[in-house]
Amino acid sequence: MEILENASLEDYSTMRLGGRAAYLTKVADRERLKEATTWAKQRQLPVIMIGSGSNTIWKDSGFNGLVICNRILYYQEEPIGGDANKTVLVKVGAGENWDKVVERTVSRGLSGIESLSLIPGTAGATPVQNVGAYGQEIRDTLVSVEAYDNESGEIVIINKEDCGLSYRTSRFKTVDRGRFYITMITLQLRRGDPVQPFYPAVQNYLADHGIVNFTPQTIRDAVIAIRQAKLPDPVLVPNCGSFFANPIIEETEYTRLQVAHPNLPNWPVGNGRVKIPAAWLIEEVGLKDFHDREMGVATWANQPLNRNQSCFPSRTNVGLRLQEHKSGGIWTNPPAFWKISRSYLPGSSALTVMLAEELRSPPCRHRARAQVAVVADYDGLFEANHNSLTSNTLDLQSTNREVNLRIEGGRRLHGEVTLKASKNAAVALLCASLLNYGVTKFLNFPRIEEAIRMIEVLESIGVKVTWRENNTVELRRPKKLRLENLDEEAARKTRSVLMLIGPLMQDHGEFDIPYAGGCELGERTVKPHQYALEEFGVSITATNNRYIVKVDKKAPGEMTLYESGNTVTNNTILAAACTTEETFIQAASCDYMVQDLCYFLQKIGVEIEGFPSAGLHLS
Ligand SMILES: Cc1cc2nc3c(=O)[nH]c(=O)nc-3n(C[C@H](O)[C@H](O)[C@H](O)COP(=O)(O)OP(=O)(O)OC[C@H]3O[C@@H](n4cnc5c(N)ncnc54)[C@H](O)[C@@H]3O)c2cc1C
């Protein structure tokens, strides 16, 4: 058994990203597989089995364990039953190239998997996510899988019924993740021609090409032609295949949507529900081949492509905008964003890809079932994984932890509570007070750490701050701010110093402000601010522990935010308030802290229309 050390994982993922594996080996039979797992156990190393990496994205940090590449080859047909050899069991080694298997069965006149043509990867991986395409899934023909059980050390046979197969998932990628190494799959195919109805795209292709002879081969040819016309070949353009799950909605909902979108494609999935292709939605909202400015990953149909990226983490910043008027409300309210962020949900180490608005807006769940793709963080491996918000439960695969929120109402509330003023709004207002050359007086102001830190920063640059009764605070800015005296210690304790950039650009052509040195937030957090403020002629460079800001003022007219965050929206509003021109800000946050800032600016003479909504007009 040959074990490679410090092996590059780039060649083991069609996305061609990733760090290194501490150890990597290829196994061609069960004995070598047992040997490899024993070797890893003796060294207490984690193990992962892969096929050809077409559904795998490695992290830059790589995999600190043993990667076992399954290369077990085997193919055997066995006619069963008394129906003149019509039913055939096909046993396939897990390491066989899947498309070669389909090609072979089709050439033998067998039906059942012809629509699964051209899916990259190995046969052994097909049950893992219950692969499917063009109306067929592996569970339609799978009889059983043979696997090495890492817990018992035995080879076991698992019948289809026990594989937990459903839409793009199985027990192998959920509850029993990492436990079974699949060595062989058994399929039950039928000698004879496939029967209609075919998947709409296939049906259309056959009709358009005048094909009336429906054989496994003609269906395979049709599927290959369709796939090749719209999906990039991973050998030529690195990609990891479909990423977003297809939304499944009620037929009644579909009928309603069809009025506005007569061409809305669908595929019945039973129980009065239909599936809508995610690719169609993505095309409809104009995101086909969308390039994020930073990550260089494009969305082609629903596939993220790696166009020019050499490392993984920067992908996490992408925000893809979807607009309701185009997508017909299937996914979202305007403005909605696909948020891709680490630890988006508290307590989760998952990299979650979610339509944030869907989570926040319960009516959406009833209008249509939102689909979120969750990419589980699994010992150095990211794997596309699909989940749906069918109930009030969001299952976080990586932790096997469920988040349930249930609010039981119907009871009369009574009593008294004293509301605390909001810290987030308070710090934004403190920054905004710099735009008022008179006296600013805030009533019921929260005496909270971050607000106090910001007040210390303001005092250090010359703002006179006086506390009065009932938490009223008065701020009086000097004509000229003394930025050179800025209290670095206080500034480093609050991330809100970012919001000083907008007001300071009013009077300063060049300045720098400190932020918490070494804090991971630095480079990543500042990006959306950079993009927004550069529209106003501001350039921000985040160095090790300072933001260096240069201003060559200009008015953007109309602009769209890269990310509709609260702080970035506030910073943009503050910058817009410094120009004498009109500014239209699209994709703004409608949060209360943004509204508070707008009310304040209105009081000091800035005309603002549109809030609370995603489109703001300042003059
Ligand atoms: C261009 C493109 C198009 C695609 N089209 C489709 C499509 O139409 N439909 C679809 O369903 N998928 C599609 N995919 C996804 C992918 O091809 C399938 O999921 C495929 O089955 C993955 O095979 P693989 O050998 O590359 O798996 P890998 O990426 O190597 O592994 C995927 C997962 O399976 C596990 N695994 C792999 N082999 C084994 C084994 N023998 N035993 C236990 N666990 C194992 C791995 O640990 C990992 O968790 C597409 C991918 C690409 C790049």
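Numbering of ligands and ligand atoms starts at 1, following listing order. Residue numbers start at 1 and run along the sequence shown.
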Student: Could you say whether the N/O atoms of T122 and ligand 1 ever approach to under 3.5 Å?
Tutor: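 It does: an N or O of T122 is found under 3.5 Å from an N or O of ligand 1.
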Student: Quick one about T215 and T218 (side-chain donor to acceptor, distance below 3.5 Å, no hydrogens or angles considered), yes or no?
Tutor: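 Note: T218 and T215 side chains meet the donor-acceptor criterion.
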Student: Can R20 be said to sit on top of F63's aromatic six-ring, NZ or CZ under 6.0 Å from centre and within 45° of the ring axis?
Tutor: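 So R20 doesn't make the cation-pi contact.
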Student: Which ligand 1 atoms are under 4.0 Å away from a heavy-atom of I48?
Tutor: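 Atoms satisfying the 4.0 Å criterion: 47 (O).
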Student: Would you mind telling me if ligand 1 is within reach of the side chain of N130, the backbone, both or neither, using heavy atoms under 4.0 Å?
Tutor: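 Within the 4.0 Å criterion, N130 makes no contact with ligand 1.
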Student: Between I224 and S117, which heavy-atom pair has the shortest distance, and what is it?
Tutor: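 What the structure gives for the nearest pair is CG1-CB, 4.0 Å.
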Student: Report yes or no: do Y75 and E77 form a side-chain donor-acceptor pair below 3.5 Å?
Tutor: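 On atom types as modelled, these side chains qualify, holding a pair under 3.5 Å.
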Student: Pick whichever of V47, V223, V128 has a heavy atom sitting closest to atom 44 (N) of ligand 1.
Tutor: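 The residue whose heavy atom sits nearest atom 44 (N) of ligand 1 is V128.
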Student: With heavy atoms of I50 as the reference, note each atom of ligand 1 found under 4.0 Å away.
Tutor: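 Near I50, meaning under 4.0 Å from one of its heavy atoms, ligand 1 has 30 (O), 37 (C), 38 (N).
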Student: Looking at Q196, I'd like to know if its CD atom is crowded, meaning that more than 12 non-hydrogen atoms belonging to other residues, nucleotides or ligands lie closer than 6.0 Å.
Tutor: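 Yes, CD of Q196 has more than 12 neighbouring heavy atoms, counting only those of other groups under 6.0 Å.
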Student: Just one of F214, Y134, W267 clears the ring pair (Phe, Tyr, Trp, His ring centres under 6.0 Å) bar with F198, so which one?
Tutor: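 Of F214, Y134, W267, ring pair (Phe, Tyr, Trp, His ring centres under 6.0 Å) with F198 is met by F214 alone.
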Student: Using a heavy-atom cut-off of under 4.0 Å, does the side chain or the backbone of I182 touch ligand 1, or both, or neither?
Tutor: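 I182 to ligand 1: contacts from backbone and side chain alike.
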Student: At the 4.0 Å heavy-atom cut-off, does R227 count as touching ligand 1?
Tutor: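 Per 4.0 Å heavy-atom rule, R227 contacts ligand 1.
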Student: Assess F172 for proximity to ligand 1: is some non-hydrogen atom of it under 4.0 Å away?
Tutor: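 Judged by the 4.0 Å heavy-atom criterion, F172 does not count as contacting ligand 1.
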Student: Closer than 4.0 angstrom, basic N to acidic O: yes or no for R220 and D99?
Tutor: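 A salt bridge links R220 with D99.
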Student: Heavy-atom pairs closer than 4.0 Å: do any link ligand 1 to the side chain of N70, the backbone, both, or neither?
Tutor: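 Just the side chain.
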Student: What is the ring orientation for W39 with Y23, classed by angle as parallel under 30°, tilted 30 to 60°, or perpendicular over 60°?
Tutor: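 Rings of W39 and Y23: perpendicular, as their planes differ by over 60°.
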Student: Please list, in number order, the atoms of ligand 1 under 4.0 Å from a heavy atom of T14.
Tutor: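 Checking each atom against T14, I get 53 (C).
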Student: Check step by step if side chain to side chain donor-acceptor pair (under 3.5 Å) holds for E114 and Q217.
Tutor: CA-CA 7 Å; E114 59 284 349; Q217 190 64 56; over 6 Å; no
Student: Could you tell me which atoms of ligand 1, counted from 1 in the order shown, lie closer than 4.0 angstrom to a heavy atom of G121?
Tutor: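 Counting atoms of ligand 1 from 1, those under 4.0 Å from G121 are 23 (O), 24 (P), 25 (O), 26 (O).
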Student: May I ask which of K173, Q136, M49 has a heavy atom nearer to atom 47 (O) of ligand 1 than the others do?
Tutor: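 Result: the heavy atom closest to atom 47 (O) of ligand 1 is in M49.
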Student: With only distance considered, is G132 within less than 3.5 Å of ligand 1 through an N or O on each side?
Tutor: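 By distance alone, the answer is yes.
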Student: Can you check which of G51, A125, S13 brings a heavy atom nearest to atom 30 (O) of ligand 1?
Tutor: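 Looking at heavy atoms only, G51 sits closest to atom 30 (O) of ligand 1.
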Student: Are any of the N/O atoms in G53 less than 3.5 Å from those in ligand 1?
Tutor: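 Indeed, backbone or side chain, G53 has an N or O that close.
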Student: Does any donor atom in the side chain of Q188 or T141 lie under 3.5 Å from an acceptor atom in the other side chain?
Tutor: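 No, T141 and Q188 have no side-chain donor paired with an acceptor closer than 3.5 Å.
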Student: Using modelled atom types only, decide if a donor and an acceptor are shared between the side chain of Q136 and the backbone of S115 within a distance under 3.5 Å.
Tutor: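 Yes, the answer is positive, given that a donor and an acceptor are paired below the 3.5 Å cut-off.
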Student: With nothing but distance in play, are any N or O atoms of A133 less than 3.5 Å from an N or O of ligand 1?
Tutor: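 Checking ligand 1 against A133, no N or O pair falls under 3.5 Å apart.
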Student: Would you say ligand 1 has an N or O under 3.5 Å from any N or O of S52?
Tutor: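 Min N/O separation from ligand 1 is below 3.5 Å for S52.
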Student: Return yes or no for this condition: an N or O of S54 is under 3.5 Å from an N or O of ligand 1.
Tutor: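 So ligand 1 has an N or O lying under 3.5 Å from an N or O of S54.
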Student: Enumerate the atoms of ligand 1 whose separation from the nearest heavy atom of F180 is less than 4.0 angstrom.
Tutor: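 Taking each heavy atom of F180 in turn, ligand 1 has 43 (C) under 4.0 Å.
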Student: Which part of Y12 is near ligand 1, with near meaning a heavy atom under 4.0 Å away: side chain, backbone, both or neither?
Tutor: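 Neither; no heavy atom under 4.0 Å.
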Student: Scan side-chain atoms only and decide if Y181 and N150 contain a donor-acceptor pair under the 3.5 Å cut-off.
Tutor: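 Note: Y181 and N150 side chains meet the donor-acceptor criterion.
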